[in-house]
Protein chains: 2
Amino acid sequence: MTIRAAADGSALGNPGPAGWAWYVDDDRWAAGGWPRNTNNVGELTAVLELLRATADEDDDLLILCDSQYAIKACTEWMAGWKRKGWRKADGKPVMNVEIIKELDEALQGRRVTFEWVRGHVGHVMNEAADIRARTAAEAYQARKPVPSGPGWPGKPVTTVSAEAAAAPVEPPALF
Amino acid sequence: MTIRAAADGSALGNPGPAGWAWYVDDDRWAAGGWPRNTNNVGELTAVLELLRATADEDDDLLILCDSQYAIKACTEWMAGWKRKGWRKADGKPVMNVEIIKELDEALQGRRVTFEWVRGHVGHVMNEAADIRARTAAEAYQARKPVPSGPGWPGKPVTTVSAEAAAAPVEPPALF
RNA sequence: AGACACCUUGUCGA
DNA sequence: TCGACAAGGTGTCT
């Protein structure tokens, strides 16, 4: 079997309140975010969290993603960056290098395929991830609890989301 | 009086459909291009066409330009290239040497100053030249008539632009 | 190795 | 319509 999952990020104002999400089905998804971050960190983190959530599975993993930046970072550019000391073509340092190194590690030994899906064309799974990432960003913007999702069966939710979920919930207004 | 003018070039895809433009004010500007050329030929040609358009004027000429290549070709490198038989520092032939020789000739006896302006910072005259050069390149890409501009008062428009303007215009579809 | 310019692609938004 | 976040490349010179 192949696990088919969508990953997406969101950043209101970019940079601004930001979110990430991965989605397999309504029973298997996760989301999180930050008070302020970039769209691309959201995109990378969505992929990274998906890889970690499925790290114990034996199945192949197909990642649907609308960010060529995230896809090519993992599939095309990573090798060259490592070889050249995490420098890009113009000699300047690669951005978001910490997350990218974690992605490199998380990809080791995995059978992962990326499929680019164009954004905003009504792709069902991409939209499911998109709305959850945006909802997370909006929750951070409003300083409200973040719907972090069920996660993967038998796996604890991620650190970031767990912290957010553990945050005290605003009590309902009495009357 | 000093004539203050901006010169700029554009090349879609570089090399690709390309344009040049110079701009003094909305009543004095010109543009042209080619189906395929380089960004640097566009930059050089913009300066050359400006020099030719203003060749009969007695005023000083201040050329605003964002290309250090074009500026230094005219002000720093030209003398050494001539002396060494149009060879670069590495001994190889200077590129675009025909245009550069025409620039050398057009600069003889002129009081010309170049001022470098950084691109994309909202400099008004640079942007006016930039948009006209890009519009010319886009016209060549779309095989549509090129807006060649009014030119300099009393001066015929340049050869390239005149040819483009003389090209048969697509007649409106008669339904 | 450096500089300037020209772009190409995708996303995130206002 | 506009900008930010990210990457890739070519055109040219010193």
Side-chain angles (χ1 to χ4, degrees), chain A residues 7-20 33 36-44 46-47 65-78 80-81 87-97 99-100 114 116-121 126 129-130 133-134 137-138 141, chain B residues 7-20 33 36-44 46-47 65-78 80-81 87-90 92-97 99-100 114 116-122 126 129-130 133-134 137-138 141:
Chain A
D8 200 15
S10 166
L12 310 177
N14 193 34
W20 60 266
R36 180 183 172 85
N37 224 324
T38 68
N39 67 321
N40 288 332
V41 168
E43 307 272 7
L44 294 174
V47 174
C65 181
D66 62 22
S67 167
Q68 293 200 358
Y69 166 68
I71 294 176
K72 293 190 175 180
C74 293
T75 61
E76 293 183 23
W77 302 331
M78 185 87 74
W81 288 340
R87 300 273 157 177
K88 44 186 178 166
D90 63 4
K92 299 199 178 72
V94 171
M95 303 301 302
N96 309 321
V97 71
I99 304 175
I100 289 168
F114 288 88
W116 177 67
V117 295
R118 174 157 249 130
H120 313 151
V121 293
N126 178 254
D130 176 78
R134 175 163 36 250
E138 288 166 349
Q141 186 172 47
Chain B
D8 199 15
S10 167
L12 310 178
N14 193 34
W20 59 266
R36 181 182 172 87
N37 224 324
T38 68
N39 66 321
N40 288 329
V41 168
E43 307 273 6
L44 293 173
V47 174
C65 182
D66 61 22
S67 168
Q68 294 196 357
Y69 166 68
I71 294 177
K72 293 187 175 179
C74 292
T75 61
E76 295 182 22
W77 302 332
M78 185 88 74
W81 288 340
R87 298 274 158 179
K88 298 184 290 183
D90 64 4
K92 299 200 178 75
V94 172
M95 303 299 300
N96 309 320
V97 71
I99 305 175
I100 289 168
F114 287 88
W116 178 69
V117 295
R118 171 155 250 130
H120 311 146
V121 292
N126 178 255
D130 176 78
R134 186 190 342 275
E138 288 167 347
Q141 186 173 49

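Letters go in sequence order (proteins before strands), and every chain restarts at 1.
Looking at heavy-atom distances under 4.0 Å, N37(B) makes no contact with the nucleic acid at all. At the heavy-atom level, N40(B) lies under 4.0 Å from base atoms of the strands shown. Residue K72(A) is out of contact with every strand shown, counting any heavy-atom pair closer than 4.0 Å. Across all strands shown, D8(A) has heavy atoms under 4.0 Å from sugar-phosphate atoms exclusively, and none from any base. Here D130(A) lies in heavy-atom contact (under 4.0 Å) with sugar-phosphate atoms only.
Closest approach of V121(A) to R118(A), counting heavy atoms only: CG2-O, 3.1 Å.
Between W81(A) and V97(A) the shortest side-chain heavy-atom distance does not fall below 4.5 Å. Using a 4.5 Å heavy-atom cutoff, the side chains of I100(A) and M78(A) are in contact.
For N39(A), the side-chain hydrogen bond (donor to acceptor under 3.5 Å, both in side chains) test picks out N14(A), with sequence neighbours left out. Scanning for side-chain hydrogen bond (donor to acceptor under 3.5 Å, both in side chains) contacts around N37(A) gives an empty result, with sequence neighbours left out. With sequence neighbours left out, N126(A) forms a side chain to side chain contact (heavy atoms under 4.5 Å, CB included) with D8(A), D66(A), V117(A), H123(A).
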Step-by-step side-chain contact (heavy atoms from CB on, under 4.5 Å) determination, N96(B) to Y69(B): CA-CA 12 Å; N96(B) 309 320; Y69(B) 166 68; 3.0 Å; yes
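Separating the CH2 atom in W20(A) from the OG atom in S10(A) is a distance of 13.5 Å, to the nearest 0.5 Å. Residue K72(B) holds its NZ atom at 12.0 Å from SG of C65(B), rounded to the nearest 0.5 Å.
Of all the residues in residues 9-19 of chain A, G9(A), S10(A), A11(A), L12(A), G13(A), N14(A) reach under 4.0 Å from RNA chain C with at least one non-hydrogen atom.
Here chain A contacts DNA chain D (any atom closer than 4.0 Å to a heavy atom, that is under 4.0 Å), and the contacts span dA4(D) to dG9(D) from 5' to 3'. Contact footprint of chain A on RNA chain C: nucleotides with an atom under 4.0 Å from a non-hydrogen protein atom, first to last in 5' to 3' order, U9(C) to G13(C).
With RNA chain C read from its 5' end, the first of the two nearest nucleotides for K92(A) and H120(B) is the one closest to K92(A).
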